[in-house]
Amino acid sequence: MNMKKIRNLTFAAGLCYLAGLASPVSAQQKPNIIFIYADDLGYGDISCYGMKKIHTPNIDKLAKQGVRFTNGYATSATCTPSRYGILTGRYPWRQQNTGIAPGDASLIIPTDHKTLPGMLQDAGYQTAVIGKWHLGIGAPGTTIDWNTDLKPGPLEVGFNYAYIMPATLDRVPCVFVENHRVVNLDQNDPITVSYKHKVGTDPTGKENPEKLRMHTDPNQGHNQTIVDSISRIGWMSGGNSARWKDENIAGIITQKAIDFIGINKTSPFFIYFASGDIHVPRYPNSQFRGKSGMGLRGDAILQLDWTVGQITHALDSLGLTKNTMIIFSSDNGPVLNDGYLDQAEELVGNHKPAGPLRGGKYSSFEAGARVPLIVKWPAGITKSSVSNTLIGQVDFYASLAKLTGQSIAAGDAADSYDMLQQLLGKSKQDRPYLITQGGPLSIIEGDYKYITPSKGAKVARDVNIELGNDPAPQLYNIKKDVFEKVNLAEKDPARVKAMEEKLNAVKAAAGSR
């Protein structure tokens, strides 16, 4: 389905839903909540954060009508752990196997603790996850059979509805899963997936580069089974009728979100909408390809902005805008060449995806985890503002619990702070401290950031990103020196010691809240 058809269907659906409203939305007191999570979007990649080469009017409109944070952080500089942190309210480094998950990983989120969507279910919300999951499926220690019920998964950790890409766009299996089943699967063409050895006879990027629409970086892999003329990480056979077309992903998941909004328009709903944009492989719809002047990465940013516009348009059509909170953010910082030769580096020009920050995805420097964060809720935020308050995505759990009147049981959301007043722009009080994870852990407290010593490489040569590794302690005044140029550790050993002790105390405790 092309984007024009999807846009027309979206508008028509909005009118139908609006006509079917049974009662005024104002009768509903609890706000709807939509969390739009971009993938690999840098601090400087949207125009309200400084992007000059292209414009993102729909995302900018959220900022013009809400609170735009300049010190908002993911828990981590990579995707899986950041997603774990949001949904559990817990730092991912407290649990093993929360690194970047392979496509056949078992479920990472524990089922014996209340999650963010589970807490909102208790508050009377209908909850949905739509888009990128990348948190595993199935019981630990088992092998996933993609041809039967896939569980435990999103439905077992608090979601009423799931329509997901089970891993990430560059990993097999390249299929959608709705609730417990692969969408459009032909049982006569069963799916087999392996991350250890080749399965089936499908061509691979390594063996059949002539079949590729974009070539891969030979230093980074991504050269196994070809799906939709793009080679992926991992091997896959079967499931041909279920395989996605990359150019249609954004349109399909956006429509699924709009459908969920329409179905649940008269009761409070929560949507965790995890876009695939702007993660590799970047192959947006033809409506956007070639439009940015920055190659496929820039085109994917335009597509992401379109997605935001479609969701907000649907809310407008249904009269739900006033009482819907939209939170927009990204899972980690930017990367240009992340496995595919799509000219992201060649066409970036003078644009700085990380804005004024150092590093990027995978990095302990600021660009790894400091990300765009915007909150809009017309009924609760009546004046737009820019906030430099220190806040983390891990705080959404406790903040939304406060918003919806839910208590948090001991052991749940152990690292989440109630920052509701800050999210609403009514308080500028910083979080007491925040721990982020690139490779080594860092702790941010007040104006200062301490990065723990580490022995890893200083630069990831394959992606050309400074990682922040150093065998010596690092201390930066990130208020005065946001690019982290001047290491103050030798000049201020007392502060280094105090911040190191604080970090170690938090690590040793069951939680920080």
Side-chain angles (χ1 to χ4, degrees), residues 42-43 69-78 81-82 85-86 89-94 329-333 354-373 387-396 398-399 414-419 422-423 427-454 466-470 472-489 491-509 511-513:
Y43 187 88
F69 289 87
T70 59
N71 283 306
Y73 290 82
T75 60
S76 309
T78 51
S82 291
I86 283 174
R90 194 167 183 258
Y91 289 130
W93 44 262
R94 294 195 186 279
S329 197
S330 178
D331 62 347
N332 50 249
L357 309 178
R358 185 178 182 182
K361 184 178 181 179
Y362 312 112
S363 177
S364 292
F365 287 129
E366 282 292 273
R370 195 194 292 201
V371 289
L373 173 57
S387 174
N388 63 0
T389 302
L390 176 64
I391 191 169
Q393 294 172 1
V394 72
D395 298 322
F396 293 161
S399 303
D415 298 302
S416 187
Y417 278 79
D418 172 14
M419 300 288 284
Q422 288 86 341
L423 286 173
S427 171
K428 296 295 179 73
Q429 183 176 347
D430 284 345
R431 198 185 203 275
Y433 58 86
L434 182 68
I435 297 174
T436 60
Q437 178 184 23
L441 296 181
S442 304
I443 183 168
I444 301 165
E445 188 174 25
D447 296 341
Y448 289 87
K449 175 180 175 183
Y450 166 68
I451 305 175
T452 55
S454 58
E466 289 186 284
L467 295 174
N469 294 317
D470 198 303
Q474 297 176 77
L475 177 71
Y476 300 99
N477 184 324
I478 54 175
K479 183 176 182 181
K480 295 180 179 178
D481 176 24
V482 71
F483 195 72
E484 298 166 290
K485 290 181 181 178
V486 182
N487 184 358
L488 302 172
K491 293 182 179 180
D492 198 348
R495 190 181 299 274
V496 168
K497 182 179 179 182
M499 294 184 76
E500 180 183 28
E501 289 176 349
K502 171 68 74 66
L503 176 56
N504 288 335
V506 175
K507 288 169 62 179
S512 61
R513 180 174 55 86

Asks: Do the numbers put Arg495 on top of the ring of Tyr448, so that NZ or CZ is under 6.0 Å from the six-membered ring centre and no more than 45° off the axis?
Replies: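 Pair Arg495/Tyr448 counts as cation-pi.
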Asks: Using a 3.5 Å distance criterion without hydrogens, assess whether the side chain of Ser416 forms a donor-acceptor pair with backbone atoms of Ala398.
Replies: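 Confirmed, Ser416 side chain pairs with Ala398 backbone.
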Asks: Determine, stepwise, if the pair Asp447 / Ile478 fulfils side chain to side chain contact (heavy atoms under 4.5 Å, CB included).
Replies: CA-CA 6 Å; Asp447 296 341; Ile478 54 175; 5.8 Å; no
Asks: Going by heavy atoms in the side chains, are Ile86 and Val394 under 4.5 Å from each other?
Replies: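 A side-chain contact under 4.5 Å is absent here.
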Asks: For Glu500 and Thr452: C-alpha separation, side-chain torsions, deciding distance, then whether side chain to side chain contact (heavy atoms under 4.5 Å, CB included) applies.
Replies: CA-CA 8 Å; Glu500 180 183 28; Thr452 55; 5.9 Å; no
Asks: How about Gln393 and Val371: do any of their side-chain heavy atoms sit closer than 4.5 Å?
Replies: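 The answer is yes, as the side chains (C-beta and beyond) meet within the 4.5 Å cut-off.
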Asks: Would you mind reporting whether Phe365 and Tyr476 have side-chain heavy atoms less than 4.5 Å apart?
Replies: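 In short, these two side chains touch, coming nearer than 4.5 Å.
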Asks: To check you understand the geometry: which heavy-atom pair defines the closest contact between Pro473 and Pro453, and what is its length?
Replies: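 Of all heavy-atom pairs spanning Pro473 and Pro453, the closest is N-CG, 3.8 Å.
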Asks: Could you give me the CA-CA distance, side-chain angles and deciding distance for Ile443 and Leu434, then say whether side chain to side chain contact (heavy atoms under 4.5 Å, CB included) is met?
Replies: CA-CA 6 Å; Ile443 183 168; Leu434 182 68; over 6 Å; no
Asks: Calculate, to the nearest 0.5 Å, the distance between atoms CG and CG belonging to Asn487 and Asp470 respectively.
Replies: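 If we round to the nearest 0.5 Å, Asn487:CG and Asp470:CG are 7.0 Å apart.
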Asks: Give me the atom names and distance for the closest heavy-atom approach of Ser82 to Ala74.
Replies: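 Heavy atoms of Ser82 and Ala74 come nearest at OG-CB, 3.6 Å.
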Asks: Without swapping roles, check the side chain of Ser329 against the backbone of Pro372 for a donor-acceptor pair under 3.5 Å.
Replies: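 Such a contact is found between Ser329 side chain and Pro372 backbone.
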Asks: To the nearest 0.5 angstrom, please state how far the OH atom of Tyr73 sits from the OG atom of Ser442.
Replies: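 The OG atom of Ser442 is 9.5 Å from OH of Tyr73, to the nearest 0.5 Å.
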Asks: Got a donor-acceptor contact below 3.5 angstrom from the Asp430 side chain to the Leu390 backbone?
Replies: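 Present.
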Asks: Would you call Arg431 and Asp395 a salt bridge, using N to O less than 4.0 angstrom?
Replies: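 Salt bridge between Arg431 and Asp395, a charged N being under 4.0 Å from a carboxylate O: yes.
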Asks: Are the side chains of Ser399 and Tyr417 in contact, using a 4.5 Å heavy-atom criterion?
Replies: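 Result no, sub-4.5 Å side-chain heavy-atom pair not found.
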Asks: Would the distance check show the side chain of Asn469 and the main-chain N or O of Ser364 forming a donor-acceptor pair, the cut-off being under 3.5 Å?
Replies: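 It does not hold such a pair.
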Asks: Could you grab the distance from atom CD1 of Ile451 to atom CD1 of Ile444, nearest 0.5 Å is fine?
Replies: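 Separation between the atoms: 9.0 Å.
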Asks: Taking atom CG of Asn71 and atom NZ of Lys479, what is their separation to the nearest 0.5 Å?
Replies: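 Answer rounded to 0.5 Å: 10.0 Å.
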Asks: Is there side-chain contact between Asp492 and Leu475, with at least one heavy-atom pair below 4.5 Å?
Replies: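 Of all side-chain heavy-atom pairs linking Leu475 with Asp492, at least one is under 4.5 Å.
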Asks: State which residue, out of Lys449, Gln474, Arg358, fulfils the side chain to side chain donor-acceptor pair (under 3.5 Å) condition with Glu484.
Replies: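 It is Lys449, the one option of Lys449, Gln474, Arg358 that forms the side chain to side chain donor-acceptor pair (under 3.5 Å) with Glu484.
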Asks: For the backbone of Tyr91 and the side chain of Asp415, can you confirm whether one donor and one acceptor N or O come within less than 3.5 Å of each other?
Replies: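 Side chain of Asp415 to backbone of Tyr91, a donor-acceptor pair under 3.5 Å: yes, one is there.
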Asks: If you compare all heavy atoms of Arg94 against all heavy atoms of Ala509, which two are closest, and at what distance to 0.1 Å?
Replies: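 Closest approach of Arg94 to Ala509: NH1-O, 2.7 Å.
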Asks: Is a side-chain N or O of Ser76 found less than 3.5 angstrom from the main chain of Thr78, in a donor-acceptor match?
Replies: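 Not at all, since once roles are kept as given, no pair shorter than 3.5 Å links the two residues.
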Asks: Quick check for you: to the nearest 0.5 Å, what is the distance between Glu445 atom CD and Leu503 atom CG?
Replies: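 So the gap between those two atoms works out to 10.5 Å.
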Asks: Does Tyr362 reach the side chain of Asn332, with side-chain heavy atoms less than 4.5 Å apart?
Replies: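 In short, these two side chains do not touch, never coming nearer than 4.5 Å.
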Asks: Main chain of Gln429, side chain of Gln422: is a donor-acceptor contact present, judged purely on distance under 3.5 Å?
Replies: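 Side chain of Gln422 to backbone of Gln429, a donor-acceptor pair under 3.5 Å: yes, one is there.
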Asks: Check whether any side-chain N or O of Tyr43 sits under 3.5 Å from a backbone N or O of Glu366 as a donor-acceptor pair, and report yes or no.
Replies: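 Side chain of Tyr43 to backbone of Glu366, a donor-acceptor pair under 3.5 Å: no, none is there.
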Asks: So, for Ala77 and Gly438, which heavy atoms are closest and what is the spacing to 0.1 Å?
Replies: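 Closest heavy-atom pair between Ala77 and Gly438: CB-CA, 4.0 Å.
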Asks: Tell me if a side-chain donor or acceptor on Asn477 pairs with a main-chain N or O of Asp481 at a distance below 3.5 Å.
Replies: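 Checking the backbone N and O of Asp481 against the side chain of Asn477, no donor-acceptor pair under 3.5 Å is found.
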Asks: Would you name the heavy atoms of Gly333 and Lys361 that are closest together and state the gap between them?
Replies: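 Heavy atoms only, the tightest pair is O-CB, 3.4 Å.
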Asks: Any heavy-atom pair between the side chains of Trp93 and Leu441 that's under 4.5 Å?
Replies: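 In contact.
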Asks: So how far is it from Met419 CE to Phe69 CZ, rounded to the nearest 0.5 Å?
Replies: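 Reported value, rounded in 0.5 Å steps: 7.5 Å.
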Asks: Using modelled atom types and a 3.5 Å cut-off, is there a donor and acceptor pairing between side-chain atoms of Ser363 and backbone atoms of Glu466?
Replies: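 Pair found, side chain donor or acceptor close to backbone of Glu466.
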Asks: Report yes if some heavy atom in the side chain of Tyr450 is under 4.5 Å from a heavy atom in the side chain of Val496; otherwise report no.
Replies: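 SC-SC contact between Tyr450 and Val496 confirmed.
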